[in-house]
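Convention: sequence-line order gives letters A, B, ...; per-chain numbering from 1.
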2 protein chains.
Amino acid sequence: MTVASKTVSDVIHSHFGVLTRAEKQLAESLLDNYPVSGLGSITTIAENAGVSTPTVVRMVQKLGFKGYPDFQAHLHLEVEATISNPIAKHDRWAQNAPGTHILNRFADAIMGNLRQTLSDLDTATFDSVASLLSDRKRGLYFVGGRITGALAEYFFTHMQVIRPATTLLSANSSSWPQYVLNMNAGDILIIFDIRRYEQEMVSLATAARKRGAEIVVFTDQWGSPAAKLARHAFRVRIEAPSAWDSSVVTLFIVEALIEAVQNSTWDETKERMKTLEGLFEQTKLFRKPG
Amino acid sequence: MTVASKTVSDVIHSHFGVLTRAEKQLAESLLDNYPVSGLGSITTIAENAGVSTPTVVRMVQKLGFKGYPDFQAHLHLEVEATISNPIAKHDRWAQNAPGTHILNRFADAIMGNLRQTLSDLDTATFDSVASLLSDRKRGLYFVGGRITGALAEYFFTHMQVIRPATTLLSANSSSWPQYVLNMNAGDILIIFDIRRYEQEMVSLATAARKRGAEIVVFTDQWGSPAAKLARHAFRVRIEAPSAWDSSVVTLFIVEALIEAVQNSTWDETKERMKTLEGLFEQTKLFRKPG
DNA sequence: GCTGTCATGAAAAGAAATTTTCAGAGGATG
DNA sequence: CATCCTCTGAAAATTTCTTTTCATGACAGC
């Protein structure tokens, strides 16, 4: 109760008058570069302040803490608050929804996944992949597993509009060798492989590597075995309050990549999209002459 | 040289591949709320991560530190650097990425979309749809457009595991009448139709309604014309700093629905999943008799 | 100058943390 | 199915940290 809600710094200041000479010396040392200077062991801070360890113990007890560990625990909490405060705690979601509704629990989890994934993700990796995918001289091959197949398809569908030479591998792994046969050195194989890693992915990656293809892997934080063969790997957080993994953040990165690629080759892409529009129109007219 | 100038976080990431299961678990725990989570004693962090103290020692040594105290000293330096640099202490992921990087702009947009969508979304609608989809007497039909087809497939793949009588309509609209023919009163047609609304969706919805099917539509904030025929419609925000729309929030709702349905019929679903596991095993053995 | 009080740190005692050892579990391999 | 290997945590051993005890010295009051 005594110490609660007040910072350690406050407590030191308010007790400063009753401290002895050596204790004041220690307090000065602690407040200087606060709160980091209190992070180490009692021995360390005693040395830094030029006092003995008993002095430290006596002071923190005088301040109202149970002992040095108690004192340090409070400091740790303050450090934590200082560091992880900013945007960390997101605002509450849907006001309509009670806090325990599945939608809110999911939102919490996804925001956490997104934050974690982005903090682990190197923008240089992202940029490298974007520029690889932008290189129209390289063929693109997309493949996914049972669940992630839809992600591969989504990625493929967009890239197919943006640039030529994109291929979606069929879900059936027995047909993969034929795709590998068509790969040229410098082509890129984009693999989605999450949890329940599919053994065939490794074989596929190995074969593609032998043909000189570069490999980009989307996997989870634990890492697909295929990631070892990859030039670049995205490790995405997939945890959700569910029996299933979440692909939301993976899709997020895919969409960001789509935009990055589209952006870097906009002039060429623009023409393609116009032509495509024309083709759609024709198809429509063809089907509905009325 | 080994550890100098690289952050502990970097070191963990670069060694992640060679870590064992328990070590990865520990690494996760450390990176989660990094670097504050590494402030306490070896005992504390071992407990937080759910591993033993020897595992902690082994990992930090594997990372190149002399021992836990050495590891912690490095962390303390980082905490100090973070705290005494006020600019750095903002968003941890923004730190790695300059403010204008596409990833950050995308993240901002997606968070906005999610917030908007959830505040517009009535949980009663969500719950109604979840309970409709949980009703095993009703057949489920999924259909999507050119881009949203992948979402429909994703939803379908999961529901197919969870319950029987699920069908994915082919992308080719000329085959849709045959599916409608098979629909019974009470069946549910789940339509994904976003922006560039596809005219055929309205015809499909109309035909399905005539057969007595219920319709659930995923659309954007402007609303597909098919939404008018729907029993329930999800209006999702799809704006992104991109030439393309974002499906991230739509996928979010799909995943939440999957969990809600799975949860409400868990007893039956459990059995199905077990059986499915068995079938996978068999397939594997069949393919690889060695 | 004597005496009592207090502050202080050396050193011992006690407690906790860290490291090492080791045996069992589990998985891969032949 | 046996064998080997690796991973893991319990428990012991070791080291370090924390607290307590106590002797010393400074200083004020008498």
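Along DNA chain C, the stretch of nucleotides lying under 4.0 Å from any heavy atom of chain A spans, 5' to 3', C:dA7 to C:dA11.
Take A:E255 and apply the side-chain contact (heavy atoms from CB on, under 4.5 Å) test, not counting sequence neighbours, and it matches A:Y154, A:L251, B:F106, B:S246, B:S247, B:V248. Residues that satisfy the side-chain contact (heavy atoms from CB on, under 4.5 Å) test with B:A27, not counting sequence neighbours, are B:I12, B:F16, B:L19, B:M59. Qualifying salt bridge (Lys or Arg N to Asp or Glu O under 4.0 Å) partners for A:R138, counting only residues two or more places apart in sequence or in other chains: A:D135. With sequence neighbours left out, the side-chain contact (heavy atoms from CB on, under 4.5 Å) criterion links A:K66 to A:D70. A:D187 is linked by a salt bridge (Lys or Arg N to Asp or Glu O under 4.0 Å) to nothing, counting only residues two or more places apart in sequence or in another chain. With sequence neighbours left out, B:Q160 forms a side-chain contact (heavy atoms from CB on, under 4.5 Å) with B:F156, B:T166. With sequence neighbours excluded, the residues forming a side chain to side chain donor-acceptor pair (under 3.5 Å) with A:D127 are B:H101, listed by chain and number.
The list of salt bridge (Lys or Arg N to Asp or Glu O under 4.0 Å) pairs with a residue in residues 228-238 of chain A, not counting sequence neighbours, reads A:D120-A:R237, A:E214-A:R231, A:R237-B:E28. Applying the ring pair (Phe, Tyr, Trp, His ring centres under 6.0 Å) definition to pairs two or more places apart or across chains, those involving residues 199-219 of chain A are A:F192-A:F218, A:F218-A:F234.
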Nucleotide-resolved protein contact map, nucleotides 10-28 of chain D, B/S/- at heavy-atom distance under 4.0 Å: BB-----SSBB--------
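A rotation axis mapping the C1' atoms of four pairs onto the next four is fitted at both ends of the helix from C:dG1-D:dC30 to C:dG30-D:dC1 over five pairs, and the angle between these axes is 10° to 10 degrees.
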Side chain to side chain contact (heavy atoms under 4.5 Å, CB included) between A:E47 and A:T53, intermediate numbers included: CA-CA 8 Å; A:E47 268 175 17; A:T53 56; over 6 Å; no
